[in-house]
Amino acid sequence: MLGYIGIGFAAGVVEKGVGLSLLEILLLSLFVYAGSGQFIICGLLAIQAPISTIILTVFLVNSRHFLMSLSVTSYFKPYSILNNIGIGTLLTDESYGVLTTALQEKRPLTAKWMHGLNVAAYLTWTLANVCGGLLGQFIPDPNRFGLDFALTAMFLGLCLFQIELPLKKRTKQTLQVLASVVIALVLFMRFTSAEIAVIAATLIGCLVGTVTHDA
Amino acid sequence: MLNLNILILILGCSIVTWIPRILPFAFAQKLKFPPRAEIFLSYLPLCILFALLIQSLLNFRSGNWPTIKGPEVLASIPALMVGYYTKDLMKIVIVGIVAIALIRLVI
């Protein structure tokens, strides 16, 4: 949970850095409540991507939550649909991580326990975001201190966590996927806008991943 | 302190993050994805984060080939090393910021 505070804090500073007000930061963490989603919003805001593009990208990024939710629904079968929707609403990468660890250790799971975990994470996240935004306010020129780089560093970290395991387990195939993303990105950046290039490169990377998955 | 465009953005993004999260719970056990689509989606987080990382290390120049941001690439090296050993996002960010600040001080 401590790591969660750090990410939220950095998110707040970055959000402030791309020009969001404290109120906007509060609303963003309350309503969107998605770590990588919020960083991606900042990244796209920084390159002045149109709102429709940002929403589409956030949708693509968070479609993975669909799979996460899908994989745990069976454990909450006995509970009401309202309970289930409540659990789904606040499910994040982090709370999913804690949940799957608990499942591995065969600890008994209740909806109440899950709600407790989710709500604690939710409040921590929002508080950390606002604190980060508050600190960001006192930094007159965040770029001079390299704070604009926080976003790149954040992508680097999130990317590293995503890449490490597949890179070790299926080195060649993962490299193929990554190479196709880079090639597509550079090609599309030559001929389209930066944000379209990101989406196109992502979809091409997924396609290459799917095709080479069983090879 | 509240920009209308940002408000629309927040609302839009909240809907597109909420729906994928609750959909399986709302429809519970009846839903089943074709395996191919599941594989495709499983590559999404990796590909999009990688694309965003590389994109943030490149200068976009309309109608031209992108160029590499030298100082940023350089600062990524210590951040990557710290990330590899600590697995701590906060430490990656702090090291990255310190590194780029130092590089900009020198250049």
Side-chain angles (χ1 to χ4, degrees), chain A residues 3 6-7 10 21 23-24 27-28 31-32 34 37 40-41 43 51 54-55 58-67 69-70 73 84-85 87-89 91 145-147 149-150 152-160 162-163 178 181-182 185-186 189-190 194 198 201-202 205-206 209-210 213, chain B residues 1-3 5-6 8-14 16-18 20-26 28-29 31 36 38-58 60 64-66 72 75-76 79-80 83-84 87-90 92-93 96-98 100-101 104:
Chain A
I7 303 165
S21 71
L23 183 60
E24 287 164 351
L27 292 175
L28 194 67
F31 284 100
V32 180
I40 284 160
I41 290 172
I51 288 179
I54 303 179
I55 294 174
V58 170
F59 174 70
L60 288 177
V61 172
N62 285 317
S63 58
R64 73 174 188 283
H65 282 123
F66 185 85
L67 296 174
S69 290
L70 202 63
T73 44
N84 271 297
I85 287 178
I87 291 168
T89 301
L91 192 72
F145 299 98
L147 280 176
F149 190 70
T152 304
M154 187 70 59
F155 287 143
L156 187 85
L158 289 171
C159 206
L160 181 71
Q162 289 283 341
I163 287 178
L178 297 180
V181 170
V182 174
L185 186 73
V186 172
M189 274 177 96
R190 169 73 175 77
V198 167
T202 302
C206 290
T210 312
H213 191 78
Chain B
M1 288 287 267
L2 197 61
N3 181 309
N5 280 336
I6 299 289
I8 294 169
L9 176 71
I10 291 172
L11 288 178
C13 288
S14 73
V16 297
T17 48
W18 188 57
R21 278 177 187 168
I22 62 144
L23 213 59
F25 282 102
Q29 307 82 26
L31 218 61
R36 272 290 185 216
E38 248 177 73
I39 293 169
F40 185 88
L41 287 175
S42 71
Y43 282 95
L44 256 179
L46 170 72
C47 289
I48 196 153
L49 287 167
F50 191 65
L52 279 162
L53 170 67
I54 301 300
Q55 187 270 137
S56 72
L57 292 173
L58 296 173
F60 177 74
N64 284 294
W65 293 105
E72 278 79 358
S76 298
L80 195 65
Y84 185 79
K87 312 277 175 248
D88 186 334
L89 206 48
M90 194 62 196
I92 298 173
V93 172
I97 289 171
V98 170
I100 195 84
R104 282 178 192 167

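We use all heavy atoms of the structure for the numbers below, so side chains are in, but hydrogens, waters and symmetry mates are not. Here is how names work: the chains are called A, B, and so on, in the same order as the sequence lines, proteins then strands, and each is numbered from 1.
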ask   = Looking only at heavy atoms, which two atoms of A:Leu28 and B:Ile10 are closest? And how far apart?
value = CD1-CG1, 3.7 Å
request  = Provide the closest heavy-atom pair for A:Val32 versus B:Thr17 in the form atom of the first, atom of the second, distance.
outcome  = O-OG1, 3.5 Å
query = So which part of B:Trp18 gets closer than 4.5 Å to some heavy atom of chain A, the side chain, the backbone, both or neither?
reply = side chain
task = Against chain A, label B:Asn5 side chain, backbone, both or neither, depending on which of its atoms sit under 4.5 Å from a heavy atom there.
result = both
ask   = Under the 3.5 angstrom rule, does the side chain of B:Gln55 hit a backbone N or O of A:Ala194 as a donor-acceptor pair?
value = no
task = Flag yes if more than 12 heavy atoms outside B:Phe60 fall under 6.0 Å of its CZ atom; otherwise flag no.
result = yes
inquiry  = Just so I know, are the side chains of B:Leu23 and A:Ser69 near enough to count as touching, which here means a heavy-atom distance under 4.5 Å?
reply    = no
request  = Say whether, by atom type as modelled, one donor and one acceptor occur between the side chain of B:Arg36 and the main chain of A:Thr210 under 3.5 angstrom.
outcome  = yes
remark   = Note: vs chain A, highest number of non-hydrogen pairs under 4.5 angstrom among B:Ala79, B:Ala75, B:Cys13 is B:Cys13
Heavy-atom pair with the smallest gap, counting every atom of A:Val182 and B:Phe50 = CG2-CE2, 3.4 Å
message = Determine whether B:Leu58 and A:Val186 satisfy the following criterion, side-chain contact (heavy atoms from CB on, under 4.5 Å), listing intermediate values before the conclusion.
response = CA-CA 9 Å; B:Leu58 296 173; A:Val186 172; 4.3 Å; yes
Side-chain heavy atoms of B:Tyr43 within contact of A:His213, under 4.5 Å = yes
B:Arg21 side chain to A:Thr89 backbone, donor-acceptor under 3.5 Å = yes
note = Heavy-atom closest pair (A:Val58 atom, B:Val16 atom, distance to 0.1 Å) is CG1-CG2, 4.0 Å
note = Rounding to 0.5 Å, atoms CG (B:Leu53) and CE (A:Met154) come to a distance of 12.5 Å
key: Partner residues of B:Ser76 under the side chain to side chain contact (heavy atoms under 4.5 Å, CB included) criterion, sequence neighbours left out   = A:Phe149, A:Leu156, B:Leu57
task = Go through A:Ile54, A:Leu178, A:Val198 and name the one with the most non-hydrogen pairs under 4.5 angstrom from chain B.
result = A:Leu178
inquiry  = How long is the straight-line distance from CD1 of A:Ile40 back to CD1 of B:Ile48, given to the nearest 0.5 Å?
reply    = 5.5 Å
request  = Considering non-hydrogen atoms only, spot the tightest contact between A:Ala153 and B:Val93 and give its length.
outcome  = CB-CA, 3.8 Å
task = Select one option (side chain, backbone, both, neither) describing which atoms of A:Ile163 are under 4.5 Å from chain B's heavy atoms.
result = both
request  = Search all heavy atoms of B:Ile92 against all heavy atoms of A:Gly157 and return the closest pair with its distance.
outcome  = CD1-CA, 3.5 Å
query = Who wins among A:Ala34, A:Cys159, A:Gly43, A:Ala201 for the most heavy-atom pairs under 4.5 Å with chain B?
reply = A:Cys159
ask   = Are the side chains of A:Thr152 and B:Leu52 in touch, meaning some heavy atoms are under 4.5 Å apart?
value = no
task = With sequence neighbours left out, write down each residue that passes side chain to side chain contact (heavy atoms under 4.5 Å, CB included) with A:Gln162, or none if nothing qualifies.
result = B:Pro45, B:Leu46, B:Leu49
ask   = What is the distance from atom CG of A:Leu185 to atom SG of B:Cys47, rounded to the nearest 0.5 Å?
value = 11.5 Å
request  = May I ask you to test the B:Ile54-A:Val181 pair for a side-chain heavy-atom distance under 4.5 Å?
outcome  = no
